[in-house]
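Shown next, in structure tokens, is the structure this report addresses.
Here is the naming used below: chain letters follow the sequence lines, and residue numbers restart at 1 for every chain. Keep in mind that this is a model prediction, so the values were computed, not measured.
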There are 2 protein chains.
Amino acid sequence: MDTTTFSALSEPNRLRIVELLIHGPLTVGDIADNLELRQPQASKHLRVLLKAELVEVEAVANRRNYKLRLEPLQAMDHWLEAYRNIWNDRFNNLDIYLQKLQSENKENNDN
Amino acid sequence: MDTTTFSALSEPNRLRIVELLIHGPLTVGDIADNLELRQPQASKHLRVLLKAELVEVEAVANRRNYKLRLEPLQAMDHWLEAYRNIWNDRFNNLDIYLQKLQSENKENNDN
DNA sequence: AGGGAATATTCCTGTCAAGGAATATTCAAG
DNA sequence: CTTGAATATTCCTTGACAGGAATATTCCCT
């Protein structure tokens, strides 16, 4: 897992940008307006997201359409899998434990 | 989604600590040895992970056993869900497209 | 060609984080 | 109660990063 993804998302405004772009590509100005950022800061944050490959640009005339890239998020998802296994196991163990309790309880009632 | 989790994991050594603790609780010294960190740096990184609630401590005598906490990772997993939906949709669309191509091809062969 | 809109870049400044080195704290054992 | 092991904390220095303000760039339109 590459820390650049985490690094890019550790800045609140950049996280908000990523969350905003989930609905579709947006222009720098639109992003700045939506998040109440000044245009230069929006540009700067987008440049970081670009280097982290969390975003891609399409230039159309004067404007730049920034679009979300899913690959780094998929990598995160894949990285999480090892941990997901842990909490799933724990859930399963709890489940088995409860079933065991229940069957023991049934036996007691049968006596 | 809280940026403190991303922030904590954006430091390579801290990420390595989290990846190391997946196998079970470890002592500060063990962590430092495993990752070839100096003890004070290990302590400092653990303090950050502690504040981010990615880790918890159990003091036993002289030592401190640091143990992974899954909640922030579960939160990340939950946050990713919105994006997972996107790439699943895309996969489904591609799948449907391929099925459509296949059935059209069959029709052509039938003619 | 010139003006204005959209965006990027630069410069400056303040803040924060990380590593190194040294020191403080806490605990068990003799 | 002293020593040594394990850990935390402090101080210092350095580098990265974010925001503000100003400016540069690129493009369309007339």
(request) Name all pairs fulfilling the ring pair (Phe, Tyr, Trp, His ring centres under 6.0 Å) condition that reach into residues 21-73 of chain B, sequence neighbours left out, sorted by first residue then second. (result)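 The answer is none; no pair qualifies.
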(request) Tell me which residues in residues 4-11 of chain A put a heavy atom below 4.0 Å from DNA chain C, sorted by number, or none. (result)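 Within this stretch, nothing sits under 4.0 Å of the strand.
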(message) Which residues in residues 31-46 of chain B have a heavy atom closer than 4.0 Å to any atom of DNA chain C?
(response)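 When residues 31-46 of chain B is checked for heavy atoms under 4.0 Å from DNA chain C, the hits, listed by number, are B:Arg38, B:Pro40, B:Gln41, B:Lys44, B:His45.
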Between [N] ([atom2]) and [X] ([atom1]): distance, integer Å:
X       : N      : atom1 : atom2 : result
B:Arg47 : C:dG19 : CZ    : C1'   : 15 Å
A:Asp30 : C:dA5  : CG    : P     : 16 Å
A:Leu50 : C:dT7  : CG    : C1'   : 13 Å
A:Glu58 : C:dT7  : CD    : P     : 13 Å

(request) Kindly write out the residues that satisfy side chain to side chain donor-acceptor pair (under 3.5 Å) with B:Glu71, not counting sequence neighbours, or none if the list is empty. (result) B:Arg69
(request) Could you list the residues that satisfy side chain to side chain donor-acceptor pair (under 3.5 Å) with B:Thr5, not counting sequence neighbours? (result) none
(message) Under a 3.5 Å distance rule, please check whether A:Ser7 uses its side chain to pair with a backbone N or O of A:Thr4 as donor and acceptor.
(response) no
List the residues meeting side chain to side chain contact (heavy atoms under 4.5 Å, CB included) with [X], not counting sequence neighbours, and say none if there are none.
X       : result
A:Arg16 : A:Asn13, A:Leu35
B:Ala52 : B:Ala8, B:Leu54
A:Glu19 : A:Leu15, B:Met1, B:Trp79, B:Tyr83
A:Lys51 : A:Arg47

(message) Strictly below 4.0 Å: does B:Thr27 bring a side-chain N or O up to OP1 or OP2 of D:dA6?
(response)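 No.
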(message) I want to confirm an ordering. Mapping B:Asn65 and A:Val48 to their closest nucleotides on DNA chain D, which one lands closer to the 5' end?
(response)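 Its nearest nucleotide lies further toward 5', so the answer is B:Asn65.
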(request) Quick one, give me the B/S/- string for nucleotides 24-30 of chain C, reading 5' to 3', where B means a protein heavy atom under 4.0 Å from the base and S means that only happens at the primed atoms, P, OP1 or OP2. (result) --BBS--
(message) Taking salt bridge (Lys or Arg N to Asp or Glu O under 4.0 Å) as the definition, give me every residue that meets it alongside B:Glu53, ordered by chain and number, with sequence neighbours left out.
(response)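 Salt bridge (Lys or Arg N to Asp or Glu O under 4.0 Å) list for B:Glu53, sorted by chain: empty.
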(message) Counting only heavy atoms and a strict 4.0 angstrom limit, can you tell me which residues of residues 12-24 of chain B come near DNA chain D?
(response)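 Within this stretch, nothing sits under 4.0 Å of the strand.
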(message) For B:Ile86 versus A:Leu70, what's the shortest heavy-atom pair and its separation?
(response)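 Distance-wise, the nearest heavy atoms are CG2-CD1, 3.7 Å.
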(message) On a heavy-atom basis, which atom in B:Ile22 and which in B:Leu68 lie closest, and how many Å separate them?
(response)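 So the two residues come closest at CA-CD2, 4.2 Å.
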(message) Checking B:Thr27 against B:Asn65 for the side chain to side chain contact (heavy atoms under 4.5 Å, CB included) test, could you report, in this order, the C-alpha distance in whole Å, the side-chain angles of both residues, the deciding distance, and whether it holds?
(response) CA-CA 5 Å; B:Thr27 248; B:Asn65 290 320; 3.5 Å; yes
(message) For a 4.5 angstrom cut-off between non-hydrogen side-chain atoms, does A:Val48 reach A:Glu11?
(response)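 A:Val48 does not reach A:Glu11 side chain to side chain.
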